[in-house]
Visitor: 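I'd like to ask some things about the structure below.
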Amino acid sequence: MEKKSHDHIIIRSATLNNLKSVSLKIPRNWIIVFAGVSGSGKSSVVFDTIAVESQRQLNETFSWYIRNRLPKYQKPEVVSIENLSPAIIVDQKRMGGNSRSTVGTITDIQPLLRLLFSRIGQPSAGESNHYSFNDPAGMCPVCKGLGKVVSLDMGRFIDMDKSLNEGAVLFPTFRIGSYYMNLYANTGLFDMNKPLKNYTGEELRIFLYGADIDTLQRFAQTRKTEWKQYNDFEGVASRFNRLYLNRDLTALNDKRTDALMKFMKQCICPECKGKRLNKAALSSKINGYSIADFSEMEMDELRSSLSRINDSVGSQVARILTENIGRIINIGLGYLHLDRETPSLSGGESQRLKIVKHLGSSLTGMTYIFDEPSIGLHPRDITMLNNLFTELRDKGNTVIIVEHDKDIIRHADTVIEMGPLAGENGGEVIFNGNVEQFLTSDTLTANMLNSNIAINKNPCSPAGWLPVKNASLHNLKNISVRIPEGVLTCITGVAGSGKSSLSQVFTKQYPDSVTVSQSSITTSIRSTPVTYLGIMDAIRKIYADTHQVSPGLFSFNSEGACPVCKGKGVIETDMAFMDTVTTVCEHCGGKRFAPEIMKYKIKGKSITDILSLTIKQSIGFFEGEKFIPKLKSLYNVGLGYITLGQSLDTLSGGELQRVKLANELKKSGKIYVMDEPTTGLHMADVAILMDLLRRMVKNGNSIMVIEHNLDVIKQADWIIDIGPDGGKNGGRVIFEGTPLDLLQASGSVTAEYLRRDIV
């Protein structure tokens with residue numbers, strides 16, 4: 001059926017990033033998939049143009065008072081966009097939060113469960129807040145609702161064989177010469193040159209835990225010194241406890257947390273046994289279960305237990321709960337439990353939980369925008385995801401998906417491919433039509449969809465074996481496996497089966513292995529691929545040595561920065577209540593450097609000329625330099641087209657993933673463990689990645705990848721399939737062997753979908 005003009009989102013001449021004056025019509029109330037290689041312009045159209053303009057115009061409907069407190073969006077570089085509806089963005093970002101944020105709290109299931117217990121729990125602990133571990137009325141008084149407590153590990157904190165002047169206190173904050181250590185030295189109460197093991201019991205106790213004024217004055221008399229202060233004395237251990245214990249360490253940055261944990265030990269709270277709640281809340285039961293018992297159940301078991309509630313007061317709340325839990329199960333997350341902390345969720349799990357929040361909504365006429373929702377999903381779960389997209393569409397919404405997955409592309413009503421390639425060679429609409437037409441087109445994505453990667457019939461033979469014995473982390477059932485050396489091993493299985501847990505056990509047993517995780521890299525307008533890889537310092541040194549000047553002159557984050565834009569290349573004008581206006585800096589022409597820096601050149605090129613070179617061009621320009629292997633690592637992951645000075649915040653998710661991969665692969669190692677390295681990669685980019693992994697294996701490296709991508713599984717040398725399902729129903733070794741043998745395996749979900757893909 002032909003759609004009317006007002007049934008389309010109409011974009012006219014979008015020019016953001018690499019878009020080449022893109023104009024297109026996007027049908028509303030359909031499922032639309034944007035395809036194309038990483039960096040082709042998909043995100044520039046969908047997120048930076050459609051999503052931003054939708055949110056910007058929606059914000060304009062609010063009063064100035066409200067708008068001043070909302071995020072400000074600059075008008076995208078587009079002539080016009082027509083027929084927009086409010087957009088809901090479901091991105092790849094992991095859910096924030098800390099130890100107090102759980103699956104139950106972010107899905108709003110926990111509040112309903114608290115309501116249920118406040119109505120029919122026996123004996124009643126009180127109102128809903130009395131069942132909350134985030135409320136003083138319900139939280140455990142010892143751990144304050146965290147479920148765990150940390151204490152100072154004195155064996156790591158102090159060295160009894162050393163004196164204070166020799167650095168007996170090992171925690172850096174109390175190092176010799178620090179502010180805190182000078183406080184203790186200046187009291188005159190302690191012999192700074194005597195080893196702590198020679199302190200008397202009283203001396204050590206006062207130094208560690210302090211004392212009141214009277215005790216200190218008596219102690220000072222025995223030391224033949226004078227305690228001149230008129231307040232209690234805080235010992236070094238007491239000060240540490242006050243500053244760092246009994247707080248949520250997840251609120252600190254990773255480096256700070258890691259530094260602190262070296263001096264602490266963490267254990268389950270002895271009062272609540274890790275259940276977070278006080279005795280009154282834990283004593284209240286429904287059908288023999290406390291609210292903590294329900295929170296520890298996997299979703300299938302929880303739904304079953306709640307469905308047995310037939311109390312006239314609580315049955316209606318229980319029905320709503322089972323409906324919400326059913327949505328989580330239907331999206332392939334039945335292995336989760338409500339007490340799972342959100343920081344521990346993967347990007348794919350976070351994204352799917354965001355989807356669940358919208359499925360119960362009564363809103364229609366919305367535009368739902370998804371950023372590669374297939375991330376972290378087994379092929380079995382893709383079917384569930386497609387059903388959810390259909391449900392959203394059939395409620396009268398527009399569903400726009402940026403995606404590389406074959407099955408999601410085939411499920412679309414309309415496919416729009418950006419390309420033909422990436423970077424300056426992309427930014428054009430090369431196809432816009434239905435799936436049937438798309439599959440007969442001659443685009444890169446269509447050709448990849450129509451091709452069939454052959455299964456590896458001649459796998460490499462292992463050079464040896466790396467055993468993993470009695471692995472019991474999380475849901476692993478005390479399994480033992482052998483990881484072959486000198487080959488490409490693929491760990492497979494449905495989401496939550498125990499793949500990542502196995503890799504964690506492996507890396508703990510083999511600490512020399514190089515791990516490439518899924519975590520994203522930090523981006524900003526001031527960070528570039530070459531600064532991230534540490535190449536820029538060497539380039540600045542070449543200029544500095546050639547011209548005998550300071551290296552800082554060749555940094556737009558230091559001395560060489562344009563004095564007007566401060567090295568940003570643009571001027572951002574805050575318009576108070578109106579949207580911020582960004583213009584190219586007229587003083588430096590957007591080059592970020594002070595104009596006088598342009599006179600310094602090597603081989604006829606200024607520093608801005610160098611930053612405009614592509615990775616491929618720069619390899620030839622800097623031939624012979626020590627940092628060439630780092631540049632080649634970017635080229636080898638398919639990023640030869642990006643420029644040295646390109647801001648990381650302009651790269652797509654797939655490009656950022658490969659920048660990170662390049663950074664990890666330049667490290668020296670013989671064993672590499674990669675968690676879904678195909679995340680964000682187009683099928684053509686996966687082929688480039690596989691070529692790289694093959695070269696690494698040929699050079700004698702052992703590669704272990706956790707993957708759902710069937711094309712990667714087909715080309716592996718060895719498969720270890722974990723399952724058969726997720727959560728408590730996973731954690732077992734279902735299969736070990738070659739890809740060809742996997743085709744014949746029974747009881748493996750991965751084998752089932754591999755057979756379908758071969759056909």
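Just so you know, these numbers come straight off a predicted model, no measurement behind them.
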Visitor: How close do L644 and S618 get, counting heavy atoms only, and between which atoms?
Guide: CD2-OG, 3.7 Å

Visitor: By the salt bridge (Lys or Arg N to Asp or Glu O under 4.0 Å) test, which pairs, at least two apart or in different chains, include something from residues 635-649?
Guide: none

Visitor: Treating T49 as the side-chain partner and V46 as the backbone partner, does any N or O pair qualify as donor plus acceptor under 3.5 Å?
Guide: no

Visitor: Do V659 and L533 touch side chain to side chain, with heavy atoms closer than 4.5 Å?
Guide: yes

Visitor: Given side-chain hydrogen bond (donor to acceptor under 3.5 Å, both in side chains), test S23 with S13 step by step and report yes or no.
Guide: CA-CA 5 Å; S23 297; S13 192; 5.3 Å; no

Visitor: Using modelled atom types and a 3.5 Å cut-off, is there a donor and acceptor pairing between side-chain atoms of N701 and backbone atoms of V697?
Guide: no

Visitor: Taking all non-hydrogen atoms of both residues into account, name the closest pair between I26 and I11 and its distance.
Guide: CD1-CD1, 4.1 Å

Visitor: Answer yes or no: is there a side-chain heavy-atom contact under 4.5 Å between M690 and L488?
Guide: yes

Visitor: So which pairs with a foot in residues 588-599 pass salt bridge (Lys or Arg N to Asp or Glu O under 4.0 Å), sequence neighbours left out?
Guide: none

Visitor: Over all heavy atoms of both residues, which pair between S558 and G552 is shortest? Give the atoms and the distance, please.
Guide: CB-O, 3.8 Å

Visitor: Evaluate ring pair (Phe, Tyr, Trp, His ring centres under 6.0 Å) for F263 paired with F174, printing each intermediate quantity in order.
Guide: CA-CA 13 Å; F263 301 92; F174 298 99; 9.8 Å; no

Visitor: If I take atom CZ from residue F34 and atom CD from residue E417, how far apart are they, to the nearest 0.5 angstrom?
Guide: 11.5 Å

Visitor: How about NZ on K698, more than 12 heavy atoms from neighbouring residues, nucleotides or ligands closer than 6.0 Å, or not?
Guide: no

Visitor: Measure across S441 and N447 and return the closest heavy-atom pair with its distance rounded to 0.1 Å.
Guide: O-OD1, 4.0 Å

Visitor: Among Y600, F556, F554, which residue meets the ring-ring contact (aromatic ring centres under 6.0 Å, His included) test with F593?
Guide: F556

Visitor: Would you call R658 and E655 a salt bridge, using N to O less than 4.0 angstrom?
Guide: no

Visitor: Find out whether T398 and M366 are in side-chain contact, i.e. whether some heavy atom of one side chain is under 4.5 Å from a heavy atom of the other.
Guide: no

Visitor: Are F171 and L260 close enough that some pair of their side-chain heavy atoms sits under 4.5 Å apart?
Guide: yes

Visitor: Are the side chain of T678 and the backbone N or O of L681 linked by a donor-acceptor pair below 3.5 Å?
Guide: no

Visitor: Output the distance between atom CG (N709) and atom OG1 (T679), rounded to the nearest 0.5 Å.
Guide: 9.5 Å

Visitor: Identify the two heavy atoms, one from A684 and one from L444, that lie closest to each other, and give their separation to 0.1 Å.
Guide: CB-CD2, 3.9 Å

Visitor: Could you tell me whether the side chain of K42 reaches within less than 4.5 Å of the side chain of H404, counting heavy atoms only?
Guide: yes

Visitor: Evaluate the criterion side chain to side chain contact (heavy atoms under 4.5 Å, CB included) for residue pair Q657 and L689; output intermediate values, then yes/no.
Guide: CA-CA 12 Å; Q657 182 74 0; L689 174 66; over 6 Å; no

Visitor: Do T507 and S513 meet the criterion of a side-chain donor-acceptor pair at a distance under 3.5 Å?
Guide: no

Visitor: Please answer whether the main-chain N or O of K25 pairs with a side-chain N or O of N432 as donor and acceptor at a distance below 3.5 Å.
Guide: yes

Visitor: Show the nearest heavy-atom pair for residues P373 and I401, with the distance to one decimal.
Guide: CD-CG2, 3.6 Å

Visitor: Just checking F370 against F389, ring centres under 6.0 Å apart?
Guide: yes

Visitor: Are any of the side-chain heavy atoms of L243 and Y180 separated by less than 4.5 Å?
Guide: yes

Visitor: Output, in order, the C-alpha distance, side-chain angles, deciding distance and verdict of side chain to side chain contact (heavy atoms under 4.5 Å, CB included) for D371 and E403.
Guide: CA-CA 7 Å; D371 189 8; E403 190 53 83; over 6 Å; no

Visitor: What's the verdict on side chain to side chain contact (heavy atoms under 4.5 Å, CB included) for N636 and R695, showing C-alpha distance, side-chain angles and the deciding distance?
Guide: CA-CA 10 Å; N636 289 337; R695 289 198 300 272; 3.7 Å; yes

Visitor: Would you please name every residue forming a side-chain hydrogen bond (donor to acceptor under 3.5 Å, both in side chains) with T546, sequence neighbours left out?
Guide: none

Visitor: Okay, side chain of T515, backbone of V673: is any donor-acceptor separation there less than 3.5 Å?
Guide: no

Visitor: Hey, is E664 close enough to K660 for a salt bridge, meaning N to O under 4.0 Å?
Guide: no

Visitor: Does anything in residues 553-567 form a salt bridge (Lys or Arg N to Asp or Glu O under 4.0 Å)? List the pairs, not counting sequence neighbours.
Guide: none

Visitor: When rounded to the nearest 0.5 angstrom, what is the spacing between OG1 in T445 and CG in L449?
Guide: 7.0 Å

Visitor: Any chance you could measure H547, atom NE2, to I542, atom CD1, to the nearest 0.5 Å?
Guide: 11.0 Å

Visitor: Output the distance between atom CG (L377) and atom CG (D405), rounded to the nearest 0.5 Å.
Guide: 8.5 Å

Visitor: Any side-chain heavy atom of Y543 within less than 4.5 Å of one from V549?
Guide: no

Visitor: Run the numbers on M704 and I671 for side chain to side chain contact (heavy atoms under 4.5 Å, CB included), then give the verdict.
Guide: CA-CA 8 Å; M704 185 172 83; I671 306 171; over 6 Å; no

Visitor: Is a side-chain N or O of K605 found less than 3.5 angstrom from the main chain of L611, in a donor-acceptor match?
Guide: no

Visitor: Short question: side chain of K75, backbone of E53 - any donor-acceptor pair under 3.5 Å?
Guide: no

Visitor: More than 12 heavy atoms of other residues, nucleotides or ligands under 6.0 Å from NZ of K568: is that the case?
Guide: no

Visitor: Does one side chain, of S606 or D609, offer a donor that lies under 3.5 Å from an acceptor on the other?
Guide: yes

Visitor: Can you pull the salt bridge (Lys or Arg N to Asp or Glu O under 4.0 Å) pairs that have at least one residue in residues 539-548, sequence neighbours excluded?
Guide: D537-R540, K541-D545

Visitor: Supply the atom-to-atom distance I400 CD1 to I50 CD1, rounded to the nearest 0.5 angstrom.
Guide: 4.5 Å

Visitor: Side chains of E707 and E676, heavy atoms from C-beta outward: is any pair under 4.5 Å?
Guide: yes

Visitor: How about T531 and T528: does a side-chain donor come under 3.5 Å of a side-chain acceptor?
Guide: yes

Visitor: Any donor-acceptor pair under 3.5 Å linking the side chain of N17 with the backbone of T650?
Guide: no

Visitor: Does anything in residues 601-653 form a ring-ring contact (aromatic ring centres under 6.0 Å, His included)? List the pairs, not counting sequence neighbours.
Guide: F622-F627

